[in-house]
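Remember, predicted model here, so these are calculated numbers, not experimental data. Atoms within each ligand, like the ligands themselves, are counted from 1 in listed order.
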Amino acid sequence: MNKTTKTTTKKTTTKKVAITKKILFVASEAQPFCATGGLADVCGSLPKEIKKEDPSIDIRTIIPLYSNIPNCFRKDFKFLGHIYVTLSWRKEYCGVFEYDHEGIKYYFVDNEKYFKRENGEYGYFDDAERFAFFSKSVIDVLPIIDFMPDIIHVNDWQAALIPTYLKVAGYPEEYQRIKTILNIHNIQYQGRYGSQILGDVLGIDEKYRSILDQDGDVNILKGAIVTADKVITVSPTYAEEIKTVEHSNGLSSIVNANAGKLIGILNGLDYDFYNPATDKVIYTNFDVDHMEGKKKNKELLQKEFGLEVNPDKPIIAFCSRINVLKGFDLVKSCIEKLVTELDIQVVGVGSGDREYVDFFTYLNNKYPKNVHVSLGFSLEIGKKIYSGADIYIMPSLTEPCGLSQLVASRYGVVPIVRETGGLKDTIKDFGCLGGGNGYTFTNPVVGDLEYSIRRAVADYRDPKGWAEKVRTVMTLDFSWNKTAKQYLEAYNNL
Ligand code: GLC
């Protein structure tokens, strides 16, 4: 019996799987190399989950070689070669490096003029040129990486020129056969620029202007919605919402005209990266059956943040960009009142808009024993917050998927969310028929957020009932198990 098992194991590990499909996954950020938000989480985990689901798919990822990609990875990069990429009148150096990580082959596009920058990945005057270069390079380096994909799967506007270039930039027949998928992680960001960039920067002929034109501007994301073979957003509700004026940031008519190729697939969470039982970053590990660790984490978080150390005070938390779209107008309008009226503490981490940064600086100074918001993004502080907090607030006005409510649940922090996009698809109110897994409200108004926080705090005061709620949220499955398959279906249906 033992012998047979052994032989079988050996066979499966040494067996070469015949490749049925080749996918090139293109992104402007991916964990663990570089990250500014949820995009990196998804781009770092989806390819390996797809591969896990179907090992016959050869899926590889390509990203820019930013200067902030840590040396611990770089030192093992393999240089594959270089070419010169034509972008309008420019001829730019483009080197390619290769690196294997968690079973996925990664490629890095190197050009120091574009990617060796001081202040992170985005936000430069020449972003259109930087990401046009990146997109053109991805197509032009295929011979160097020796990989002619069946599908190129691009993410967000930074990679969205690829489907358009494949159609209009005069590539030979074999490139025309490549199918393309555009993933929209957030339609608020479109890569919209002045009309003059079409020829001079993107190097696209005037006769194709209508593909990218939006009210006289060049809109890179719009071009891809038109030229890609399939468009995927990161939750089913968001796929419906971006057909509306309210959520589409000016693109609703284009989305509706292309609705036939649009689907919504819910993001999953990387359950290895976000695992309170093994997470090296948090103070103490814990799981649903060993919650002493969570109590300890709360105490240590209160200590580290200089708050009153008190196990009975509920900690309300957020780890988020701090801006209007994330609902911080609502938070700002009620949180001070709640801190003074209810016996609660508020902790948070994130970077954001001046108005809110000033507001939280004021709260930190006025209520040092009860409020500590760490300004500036830090994943480490974020994870410590998840590990010790009790209630998570996410009152977004619009939220394509949202990952924080999933991380919060996994770390035993009960979420309060506004019913929009992926928040609506993942969190149901405890009052729902059949039971729920959080507190939800429909309208983006202060009173409704305030009421939800009051409800959660009142429930927290009943320790037995609360422990049940925490158990409920911690035992849900938000991994890619359920949804990676839907990506496979999308690949197969192309
Ligand atoms: C963007 C969206 C967020 C989504 C993430 C990953 O950051 O704003 O809702 O979860 O992308 O798809």
Enquirer: Is the NZ atom of Lys261 crowded by more than 12 outside heavy atoms at less than 6.0 Å?
Expert: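 Enclosed.
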Enquirer: When Lys326 is tested against each of Ser320, Pro395, Ser404 for side chain to side chain contact (heavy atoms under 4.5 Å, CB included), which residue passes?
Expert: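 Of the listed options, the one satisfying the test is Ser320.
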Enquirer: If you round to the nearest 0.5 Å, how far is CG of Leu269 from OG of Ser45?
Expert: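 Between atom OG of Ser45 and atom CG of Leu269 there are 7.5 Å.
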Enquirer: Hey, do the aromatic rings of Tyr107 and Phe97 have their centres closer than 6.0 Å?
Expert: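 Not under 6.0 Å, so no.
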Enquirer: Is it true that atom NZ of Lys243 has more than 12 heavy atoms of other residues, nucleotides or ligands lying nearer than 6.0 Å?
Expert: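 More than 12 within 6.0 Å, yes.
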Enquirer: Could you go through ligand 1 and note, for every N or O atom, any protein N or O atom closer than 3.5 angstrom, writing the atom names and distance to 0.1 Å, or 'none'?
Expert:
unit_1   : atom_1 : unit_2 : atom_2 : d
ligand 1 : 8 (O)  : Asn186 : ND2    : 3.2
ligand 1 : 9 (O)  : Glu399 : OE2    : 2.6
ligand 1 : 9 (O)  : Cys401 : N      : 3.0
ligand 1 : 9 (O)  : Gly402 : N      : 2.8
ligand 1 : 10 (O) : Gly402 : N      : 2.8
ligand 1 : 12 (O) : His185 : ND1    : 2.7
ligand 1 : 12 (O) : Asn267 : ND2    : 2.8

Enquirer: So does Tyr124 have more than 12 non-hydrogen atoms from other groups sitting under 6.0 Å from OH?
Expert: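 Yes.
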